[in-house]
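No hydrogens, no waters, no symmetry mates; every other heavy atom, side chains included, goes into these values. Because the structure is predicted, anything quoted here is derived from the model rather than measured.
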Amino acid sequence: MVRRIFVLKDLEGIHARNSAKVVMACRDSETSVTLEYRGETADGGNILEIMSLGARYGDEIIITAEGAREQEISEEIEKALNGTMI
């Protein structure tokens, strides 16, 4: 299990575009992913749950990934949420 804490650097915070990239990253793997913000959790495969976290620029997000590609997926998700994933 990988637990990764990072600061959200996307000026728009969590929004539809970066949430969709998180869902796509999770869909292509057998890794279970949850995101946490201020005690609320979201399934990495559910765009509505991710967006409902409501995190903004500068907020701290916790990613927990468990599975075969947990390290790689957690890094992809951080990049997606920060707008640096292509």
> Taking all non-hydrogen atoms of both residues, which atom of Ala65 and which atom of Thr31 are closest, and how far apart?
Replying inline: CB-CG2, 3.8 Å

> Rounded to the nearest 0.5 Å, what separation is found between the CG atom of Leu35 and the CD atom of Glu40?
Replying inline: 12.5 Å

>> Run Arg3 and Glu36 through side chain to side chain contact (heavy atoms under 4.5 Å, CB included) and show every step you take.
In response: CA-CA 10 Å; Arg3 185 171 170 93; Glu36 184 178 341; 4.3 Å; yes

> Quick one: CG on Asp43 to OG on Ser32, what's the gap to the nearest 0.5 Å?
Replying inline: 7.0 Å

>> Is there a continuous path of hydrophobic side-chain contacts, each under 4.5 Å between heavy atoms, that joins Val2 to Val33?
In response: no

> Any side-chain heavy atom of Arg4 within less than 4.5 Å of one from Glu75?
Replying inline: yes

>> Nearest 0.5 Å, please: how far is OG in Ser74 from CD1 in Ile62?
In response: 13.0 Å

>> Can you confirm whether Leu8 sits close enough to Phe6 that some side-chain heavy atom of one is under 4.5 Å from a side-chain heavy atom of the other?
In response: yes

>> I'd like to know whether Met24 forms a side chain to side chain contact (heavy atoms under 4.5 Å, CB included) with Lys21, so could you lay out the CA-CA distance, the side-chain angles of the two residues, the decisive distance to 0.1 Å, and finally the verdict.
In response: CA-CA 5 Å; Met24 288 188 301; Lys21 289 180 181 181; 4.1 Å; yes

> Taking atom OH of Tyr57 and atom CD of Glu12, what is their separation to the nearest 0.5 Å?
Replying inline: 13.0 Å

> Which heavy-atom pair separates Ile47 from Ser19 by the least distance, and what is that distance?
Replying inline: CG1-CB, 3.6 Å

>> Using only atom types and a distance under 3.5 Å, with no angle test, would you say the side chain of Glu70 pairs donor to acceptor with the backbone of Met1?
In response: yes

>> Out of the candidates Asp10, Leu81, Ile50, only one should pair with His15 under the side-chain contact (heavy atoms from CB on, under 4.5 Å) rule; please name it.
In response: Asp10

> In Å and rounded to the nearest 0.5 Å, what is the CD1 to SG distance from Ile77 to Cys26?
Replying inline: 4.0 Å

> Within a strict 4.5 Å, meaning less than it, do heavy atoms of the Leu53 and Ile61 side chains meet?
Replying inline: no

>> With a 3.5 Å distance limit and no angle check, can you tell me whether Ser52 reaches the backbone of Glu49 through a side-chain donor-acceptor pair?
In response: yes

